[in-house]
K.L.:
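One structure is given below, represented as structure tokens, and several questions about it will come after.
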2 protein chains.
Amino acid sequence: MARVRLIDVAELAGVSMKTVSNVVHDYPHVAPALRSRVQSAIDQLGYRPNLTARRLATGRTGMVALAIPEIDHPYFSELSRHIAEEATRRGYRVLIEQTLSDPTAERAVLGDREAGLVDGVIFHPVQMETLDIAKLDAGTPLVLLGEAAMPVMTDHVMIDNVQAALDATRHLLSSGRRRIAFLAVTADDITGSTSQRLLGYQQGLLEAGVRLDPALVLEATEFTAEAGVRAVTEAIVRGVEFDGVMCRDDRFAIGALKALQAAARSVPADVAVVGWDNTALASYTSPTLTSVSPDKAAIVVAAFDLLEERIAGYRGVGRHVVVGHSLVVRESAPGH
Amino acid sequence: MARVRLIDVAELAGVSMKTVSNVVHDYPHVAPALRSRVQSAIDQLGYRPNLTARRLATGRTGMVALAIPEIDHPYFSELSRHIAEEATRRGYRVLIEQTLSDPTAERAVLGDREAGLVDGVIFHPVQMETLDIAKLDAGTPLVLLGEAAMPVMTDHVMIDNVQAALDATRHLLSSGRRRIAFLAVTADDITGSTSQRLLGYQQGLLEAGVRLDPALVLEATEFTAEAGVRAVTEAIVRGVEFDGVMCRDDRFAIGALKALQAAARSVPADVAVVGWDNTALASYTSPTLTSVSPDKAAIVVAAFDLLEERIAGYRGVGRHVVVGHSLVVRESAPGH
DNA sequence: CTTCCAATGTACAGCGCTAGAAACTTTCCT
DNA sequence: AGGAAAGTTTCTAGCGCTGTACATTGGAAG
């Protein structure tokens with residue numbers, strides 16, 4: 001069966017296309033009798049407006065692209081859920097663009113790929129830097145997430161990573177920990193998130209009068225739980241002593257828990273562990289994980305607010321919105 | 001700046017729109033000199049084809065919708081990743097449709113929502129039943145995932161749940177377990193997955209000559225780790241004895257591990273635990289989780305194969321493809 | 001020196017819908 | 001009753017691109 005078009009309905013109902021369109025759009029000035037006649041023609045034919053055609057005519061697509069490195073990373077999948085729900089609430093659909101942290105894919109997000117396809121893009125870059133983005137930004141409304149890049153003209157939503165790391169470090173210090181490891185820095189991490197978290201960690205130690213020990217800043221090969229296990233295990237083998245671990249994300253924290261368990265160190269009695277992102281994983285572990293919790297719902301709302309202003313025509317300089325965070329205290333690093 | 005259109009490029013290059021279009025599409029019969037002249041006009045103007053317009057003209061959207069209950073459920077987020085990668089490989093983009101297991105949202109997926117928007121839909125229903133889907137299917141190519149529904153005319157990809165549950169049960173039996181609990185049935189579960197897994201479990205016990213004990217089929221209020229904790233804890237409190245737990249998904253298995261740990265039962269020494277889905281969670285727990293592993297990559301490939309045949313015009317009866325599964329053995333239920 | 005054909009380029013009619021202007025009706029007021 | 005205002009419906013020009021039908025050209029073949 002061929003698709004039913006507006007004009008088919010119009011012919012059946014004996015009216016013009018515009019009148020059918022008015023009925024479809026609930027335009028107020030349609031006589032009740034006509035309205036019901038048109039409506040029954042719509043029902044009879046099973047008419048569904050062709051959204052692509054509507055888009056071409058209106059110029060609005062009703063879609064936003066969400067470009068993230070990995071859809072199955074717990075943080076991003078939870079963020080995606082918020083995005084999907086907020087998008088539905090605001091009448092958008094979500095196109096997923098998985099970059100896998102690949103520079104080419106990231107560039108493509110901003111380049112030709114979204115031409116006329118979406119009304120806006122929410123993008124969490126990993127590899128692209130500020131200048132790259134500024135150069136490629138093609139005019140499609142864009143909101144950046146995370147800390148990797150912040151071009152002057154582009155809107156941006158983030159949490160205060162330094163402050164959050166400071167909060168977490170103070171929490172560990174306040175429970176009496178003094179030898180706190182940082183898990184972990186990686187060689188190719190240019191995102192800036194890690195260095196900000198490291199900064200907050202160092203700041204916390206300094207303000208408590210604790211000497212910084214480079215041996216406590218662990219190195220990992222990649223962002224996985226397994227790499228976290230290896231980093232902590234090696235530190236233990238090397239004889240590094242520590243009574244707390246501040247992790248840059250929950251998966252590292254899970255690695256830390258595993259490594260400590262394997263080394264027969266008790267958590268939190270011997271070593272306290274703090275994660276980051278407060279993903280569902282944090283409540284799945286035993287002991288459950290104390291974790292820095294970025295306000296994901298607020299991130300998403302702020303991102304959509306900025307995006308919709310851009311879509312509505314705002315052309316000014318980039319706004320940089322900092323949303324809240326908290327520390328969710330669980331078993332791995334209880335209060336003192 | 002207004003968008004650059006095909007006709008703008010054509011005017012600058014002094015050729016027809018169609019010639020520009022031919023250059024854009026790498027149509028072979030364009031003279032090299034002309035081609036480079038057009039190309040430089042494209043570059044000079046920064047022309048990007050408007051995909052919406054192309055869609056309207058060609059009738060193909062290059063998009064598929066993925067309709068799943070929860071994007072942040074580990075199984076679905078891992079599945080989504082496979083979908084996103086396979087879609088990229090085949091030249092599609094993915095529109096995410098989160099149903100939250102809501103019947104209205106599920107109905108909307110098949111009804112008006114995707115009209116002309118996507119070339120096909122990959123849908124994992126939870127609430128909709130066979131007849132519902134058959135009634136609403138509007139002609140957009142559709143592939144169903146999971147066990148909830150299988151209308152005669154609709155393509156469908158699944159694993160052999162009964163066999164997989166049988167495999168898992170045999171594994172537990174072969175390591176000497178005889179009192180194996182099933183975690184869990186829920187009141188409102190109409191998906192059929194659970195009952196098939198339960199069937200395989202029972203079949204495994206019967207063929208080993210183990211008497212079925214209804215007390216071992218636990219009940220949970222919902223599909224969460226917490227509900228799993230409660231179900232297992234209550235069983236222990238009721239004095240139900242068991243030395244194995246066969247879980248319908250990994251999150252229940254995590255609940256089981258937590259409940260057993262709280263009750264000072266050792267895993268796997270006292271109780272062996274098998275999960276289902278083999279999500280990343282299975283390697284995050286301690287002990288790590290033995291888990292039934294549906295071949296997610298194969299599911300996705302099969303789904304796209306079927307979908308593309310439908311897109312290409314196949315109109316026959318539904319094909320029902322069963323893809324492989326395996327049991328990934330880890331610490332929670334080691335081999336004998 | 002025609003004839004034919006392949007290679008190359010152009011013209012233009014849609015794809016299905018929207019939205020503003022124009023046309024026609026009815027209602028209301030004086 | 002006359003006319004303006006308000007309400008209702010039609011007409012139609014696009015939105016930007018594609019694909020078909022057709023025009024043109026330069027050789028190769030007969």
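The shown structure was predicted, so the numbers you read here are calculated from the model rather than taken from an experiment. Each chain gets a letter, A, B and so on, in the order its sequence line appears, and its residues count up from 1.
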K.L.:
Side-chain contact, heavy-atom cut-off 4.5 Å: V143(B) with F304(B)?
P.N.:
no
K.L.:
Using atom CE of M17(B) as one end and atom P of dG19(D) as the other, report the distance to the nearest whole Å.
P.N.:
12 Å
K.L.:
Checking all strands, does Y27(B) fall into the base, sugar-phosphate, or nothing category for heavy-atom contacts under 4.0 angstrom?
P.N.:
nothing
K.L.:
Measure OH/Y47(A) against C1'/dG16(C) and give the value in whole Å, please.
P.N.:
7 Å
K.L.:
Between Y27(B) and R35(B), is a side chain to side chain donor-acceptor pair (under 3.5 Å) present by the stated rule, with each step listed?
P.N.:
CA-CA 10 Å; Y27(B) 180 75; R35(B) 179 183 296 274; over 6 Å; no
K.L.:
Separation of R60(B) atom CZ from dG19(D) atom C1', in whole Å?
P.N.:
16 Å
K.L.:
Contact class for T58(A) vs. all strands (heavy atom < 4.0 Å): base, sugar-phosphate, or nothing?
P.N.:
sugar-phosphate
K.L.:
Rounded to the nearest angstrom, tell me the gap between atom CD in E11(A) and atom P in dG16(C).
P.N.:
13 Å
K.L.:
With a 4.0 Å limit, can you tell me whether T19(A) has a side-chain N or O closer than that to the phosphate oxygens OP1/OP2 of dT10(D)?
P.N.:
yes
K.L.:
Once you round it to whole Å, what is the distance between P of dT18(C) and CZ of R5(A)?
P.N.:
14 Å
K.L.:
Would you say the side chain of K18(B) and the base of dA11(C) hold a donor-acceptor pair, judged only by whether the two atoms sit under 3.5 Å apart?
P.N.:
no
K.L.:
Any side-chain heavy atom of R48(A) sitting closer than 4.5 Å to one from V4(A)?
P.N.:
no
K.L.:
Looking only at side-chain N and O atoms, does S77(A) offer a donor or acceptor that is under 3.5 Å from a partner on S80(A)?
P.N.:
no
K.L.:
Starting from P on dC15(C), measure out to CG on N50(A) and report it in whole angstrom.
P.N.:
11 Å
K.L.:
Of N22(B) and L56(B), whose closest DNA chain C nucleotide lies nearer the 5' terminus?
P.N.:
N22(B)
K.L.:
With the side chain of A57(A) defined as its heavy atoms from C-beta on, choose the nearest nucleotide among dG9(C), dC17(C), dT18(D).
P.N.:
dC17(C)
K.L.:
For S21(B), report the nucleic acid contact type (base, sugar-phosphate, nothing); a contact means any heavy atom under 4.0 Å.
P.N.:
sugar-phosphate
K.L.:
By nearest nucleotide on DNA chain C, pick out whichever of S16(B) and A53(B) is the more 5' one.
P.N.:
S16(B)
K.L.:
Between dT24(D) atom C1' and L34(B) atom CG, what is the distance in whole Å?
P.N.:
14 Å
K.L.:
Pairing donors with acceptors under 3.5 angstrom, does anything connect the side chains of Q127(B) and S101(B)?
P.N.:
no
K.L.:
Measure the distance from CG on L6(B) to P on dT18(D) and round it to the nearest whole Å.
P.N.:
7 Å
